[in-house]
Protein chains: 2
Amino acid sequence: MIISFNMVMKARRQAAVLELVGGEDIRSQEQLRARLRARGHRVTQATLSRDIRDLGLLKRSADGAYQQPGAEPQVPPAAGAALQKAMAEYASGVDCVQQLVVVRTGAGLAQPLALAIDRAKLQDVVGTLAGDDTILVISRDARHAKALARQLEAWSQFA
Amino acid sequence: MIISFNMVMKARRQAAVLELVGGEDIRSQEQLRARLRARGHRVTQATLSRDIRDLGLLKRSADGAYQQPGAEPQVPPAAGAALQKAMAEYASGVDCVQQLVVVRTGAGLAQPLALAIDRAKLQDVVGTLAGDDTILVISRDARHAKALARQLEAWSQFA
DNA sequence: CATCGCGAAGCATAAATATACATCATCATG
DNA sequence: CATGATGATGTATATTTATGCTTCGCGATG
């Protein structure tokens, strides 16, 4: 294989793609295209589709952003799995008001479940407050709260 | 929150989605829709788009299949990184015929590179066969072989 | 120099996915 | 019972992504 000018440009562009995707949320190939153009790479969406496939990137359905495999800021899998089991076992309902998520549990189960939530260290959980059968999860803002509630609710539904 | 019939159906359907995605390669929501219909769930693509978002699934650009976060059969990052370096250093070309991937190397380098491929335990590599300057990687089928070849080729290009 | 091979990339378009809006079911309440 | 809230879903469509085919650049070769 001869190393041509085109191939060098391709490698440099793909390196830039990795850097961009790692640094901010890129939700579409057109958005990526704009960022690359600002760095001097002028290509079409079709080329980016191929680059993304070659690089093996993943697209998160939750928010539409691309990520590299292995990079999973969402749920550190170990803690996440434990929380998932705890939610399935203890939680009876999840609700969301403003930036707060309310988790209902059976009587006396709020404390242990809140502990599991704390241990999971979910990125946008600011803190938790547990009573007897209710947990208040405080999130950074309404948007994060909504996503968080969806996640918790999905987990809680596998009894 | 009242638990309605609809919500139970939704939870059962989403459980089925996770099971299906874990068990085989699902590459489109229409394909998923067909599988679900065989299990008695009749819904539209739009609903599946929402389910997939709620479940936080990831879509692999490499082969278009959905996966759960954390499940990364593709490239266990440690071994993968070693292989990536080995490919960059030793490989000179990658080709794909049917379910076979042919990797060309410099003279005498096939054995060590084949070893690196074996160690990476890539999910759809059935086995490898190394001569002096050529490695034959046997994959499960043509589709997997194509994806594998793309990945190996991408790695080999960062010299 | 003509021509061929090959990888990269563009163009046009197909395929896949997301979403605004409408509808329906379910339960609460006057 | 009428009315209203809420959540799930369907319908139609917009948005996003993938791909068949063509073109271009660059070296190899006759």
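Protein chains get the first letters and strands the later ones, always in sequence-line order, with residue 1 at the start of each. Computed from a prediction, not measured in an experiment: that's the story for all the values here.
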Any protein N or O atoms within reach of nucleotides 19-22 of chain C? Criterion: under 3.5 Å, listing atom names and distances.
residue	atom	partner	partner atom	Å
C/dA20	N6	B/Arg50	NH2	2.9

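Distance check: B/Ile135 CD1 to B/Leu152 CG gives 9.0 Å after rounding to the nearest 0.5 Å. Between the OG1 atom of A/Thr44 and the CG atom of A/Leu48 there is a distance of 7.0 Å, given to the nearest 0.5 Å. Put simply, CD on B/Gln14 and CG on B/Leu36 are 10.5 Å apart, with the number rounded to the nearest 0.5 Å.
Going from atom CZ of B/Arg104 over to atom C1' of C/dC6 covers 16 Å, rounded to whole Å. Atoms CD (B/Glu153) and C1' (C/dC6) sit 11 Å apart, rounded to a whole Å. Summarising the geometry, the separation between CG on B/Asp63 and C1' on C/dA16 is reported as 15 Å, rounded to the nearest angstrom. Atom-to-atom, NZ of B/Lys59 to P of D/dT16 comes out at 15 Å; the value is rounded to the nearest Å. As rounded to whole Å, 11 Å separates atom P of C/dA18 from atom CG of B/Leu48. The CG atom of B/Leu55 sits 15 Å away from the P atom of C/dT17 (whole-angstrom rounding). Atoms CZ (A/Arg60) and P (C/dT17) sit 18 Å apart, rounded to a whole Å. Summarising the geometry, the separation between CD1 on A/Ile52 and P on D/dA18 is reported as 7 Å, rounded to the nearest angstrom.
Within 6.0 Å of atom CZ in A/Arg37, 12 or fewer heavy atoms from other residues, nucleotides or ligands are found, so the atom counts as exposed in its surroundings.
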Which side-chain N or O atoms in residues 20-32 of chain B pair as donor and acceptor under 3.5 Å with protein atoms at least two apart or in another chain?
residue	atom	partner	partner atom	Å
B/Glu24	OE1	B/Arg35	NE	3.2
B/Glu24	OE1	B/Arg35	NH2	3.1
B/Glu24	OE2	B/Arg35	NE	2.8
B/Arg27	NE	B/Asp63	O	3.0
B/Ser28	OG	B/Glu30	N	3.4
B/Ser28	OG	B/Gln31	N	3.1
B/Gln29	OE1	B/Gln45	NE2	3.0
B/Gln29	NE2	B/Tyr66	OH	3.3
B/Gln31	OE1	B/Arg27	N	2.8
B/Gln31	NE2	B/Asp25	O	3.1

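Of all the residues in residues 19-43 of chain B, B/Arg27, B/Ser28, B/Gln29 reach under 4.0 Å from DNA chain C with at least one non-hydrogen atom.
The residue among A/Tyr66 and B/Thr44 whose nearest nucleotide of DNA chain D lies closer to the 5′ end is B/Thr44.
Counting only distance, with no hydrogens or angles, the side chain of A/Arg33 and the backbone of A/Val43 share a donor-acceptor pair below 3.5 Å. With hydrogens and angles disregarded, a donor-acceptor distance shorter than 3.5 Å links the side chain of B/Ser61 to the backbone of A/Leu57. Side chain of B/Arg104 to main chain of B/Val94: no donor-acceptor pair is present (N/O by atom type, distance under 3.5 Å, no hydrogens or angles).
Contacts of A/Arg150 classified as salt bridge (charged side-chain N to carboxylate O under 4.0 Å, His left out), with partners at least two apart in sequence or in another chain: B/Asp54. Under the side-chain contact (heavy atoms from CB on, under 4.5 Å) criterion, A/Ala34 pairs with no residue, sequence neighbours left out.
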| Which is it for B/Leu58 and A/Lys59 under the side chain to side chain contact (heavy atoms under 4.5 Å, CB included) test, yes or no, and what are the steps along the way? | CA-CA 5 Å; B/Leu58 302 172; A/Lys59 187 167 196 186; over 6 Å; no
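Summary for the helix from C/dC1-D/dG30 to C/dG30-D/dC1: the axes at its two ends, each from 5 pairs, differ by 0° when rounded to the nearest 10 degrees.
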